[in-house]
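In this text, all values refer to a predicted model and were calculated from it rather than measured experimentally. Whatever order the structure lists them in is the order used to number ligands and atoms, beginning at 1.
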Amino acid sequence: MKNDYILIVGGAGYIGSHVAKESQKKGYRPIIYDNLVYGHKELVKWGDFVLGDLADIEQLRSVFKRFPIRAVMHFSAYAYVGESVENPAKYYLNNVANTIYLLNVMREFGVKYFIFSSTCATYGYPAAIPITEKHVREPVNPYGRSKLMVEWILSDFSVAYDLKYVSLRYFNAAGADPDTEIGEWHEPETHLIPLVLDVAIGKRDHIKIFGTDYNTADGTCIRDYIHVTDLASAHMLALEYLFKGGKSDVFNLGNGEGFSVKEVIKTAAKVTGKKIKAIEWNRRPGDPDVLIGDCAKAKNILEWEQQYNDLSTIIRTAWQWHKQLRQSP
Ligand code: UDP
């Protein structure tokens, strides 16, 4: 029902904030719960905001007491692969243990709808491209494993406690709100597109291309960049699918098309009109040659349609936001 309260945990982050906007647009009432460790208060523009950590169960309970929450969407996870290898405890505590606290508080308050932010990192190295949801799941780092563990937990909770959930396995989220109200803002930034835009804006001297000897046409890695607003619309469809009685399930969310690192840099130069200095560098450990998702299942079952799937549009919206972000005081 419209006007329902939706709790968006991690709603002050990149993807969560776009989902908050989309949920308000659809007539829901977003409640943002975020500890602002990686999130930004400036990205909270829709709904109520509660500062809190998932490990703070009393604070979490107070939100469920205050608002008649109908569903929870969970974006609050650490997502730096390298850090997860160096400090797995941090990842398993936050991404796994804290999610169990959240699910338990939901049970206490009788809330049964849950949308989980999962990742293509749950697949590990691809055995076949494009990757379907049936692909074997063999994550190769603690980050990917932490997300897969939550998927298993959700599956068990759905059997034992009648939880209704959808796990959405994202490929590379990219771009920004076409109205430039919110966008990507990570500190530290490690993602290709914002780093390339930092070069375009003069904040960085160059971009390093991590590996030019991959088994791809131009030798650089191919990834599936999916516009964040398209991701957000898929979350709303997943929620409504559950509200209408859809069964708990897992869906890939990607563009369906792949772009190489060199293509991204070339398109960014074209979109921004700036010269982008690129330096060929060593491979980054753990990067597969190609990652492209098969998203037919989301299209068929959720009736998801992408609006912003071409790379120029993705980079143009990111650039509009990036200029605003970097030029604001
Ligand atoms: N990449 C790169 N230089 C950078 C950052 C990333 O060449 O400074 C490459 C990276 O090796 C990968 C692609 O860009 O092939 C996308 O990386 P990103 O970190 O944005 O996302 P990931 O695929 O790791 O989630």
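- What you find for Val199 and Lys277 is that their closest heavy atoms are CG1-N, 3.9 Å.
- The immediate protein surroundings of ligand 1, defined as residues with any heavy atom under 4.0 Å of it, consist of Asn172, Thr190, His191, Leu192, Leu195, Ile207, Lys208, Ile209, Phe210, Cys221, Arg223, Tyr225, Val261, Arg284, Asp287.
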Evaluate the salt bridge (charged side-chain N to carboxylate O under 4.0 Å, His left out) criterion for residues Lys26 and Glu240: first the C-alpha distance (whole Å), next the side-chain angles of each, then the deciding distance (0.1 Å), finally the verdict. CA-CA 11 Å; Lys26 292 259 171 205; Glu240 290 179 344; 5.1 Å; no

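- For residues 288-307, every residue pair satisfying the salt bridge (charged side-chain N to carboxylate O under 4.0 Å, His left out) rule, not counting sequence neighbours, is listed here: Asp249-Lys297.
- A ring-centre distance under 6.0 Å is not found for His191 and Tyr225.
- Geometrically, Arg70 does not engage Tyr28 in a cation-pi contact, judged by NZ or CZ lying under 6.0 Å from the ring centre and within 45° of the ring axis.
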Decide side-chain hydrogen bond (donor to acceptor under 3.5 Å, both in side chains) for Asp198 and His322; before the verdict, give the C-alpha distance in whole Å, the side-chain angles of both, and the deciding distance to 0.1 Å. CA-CA 8 Å; Asp198 266 347; His322 206 78; 2.8 Å; yes

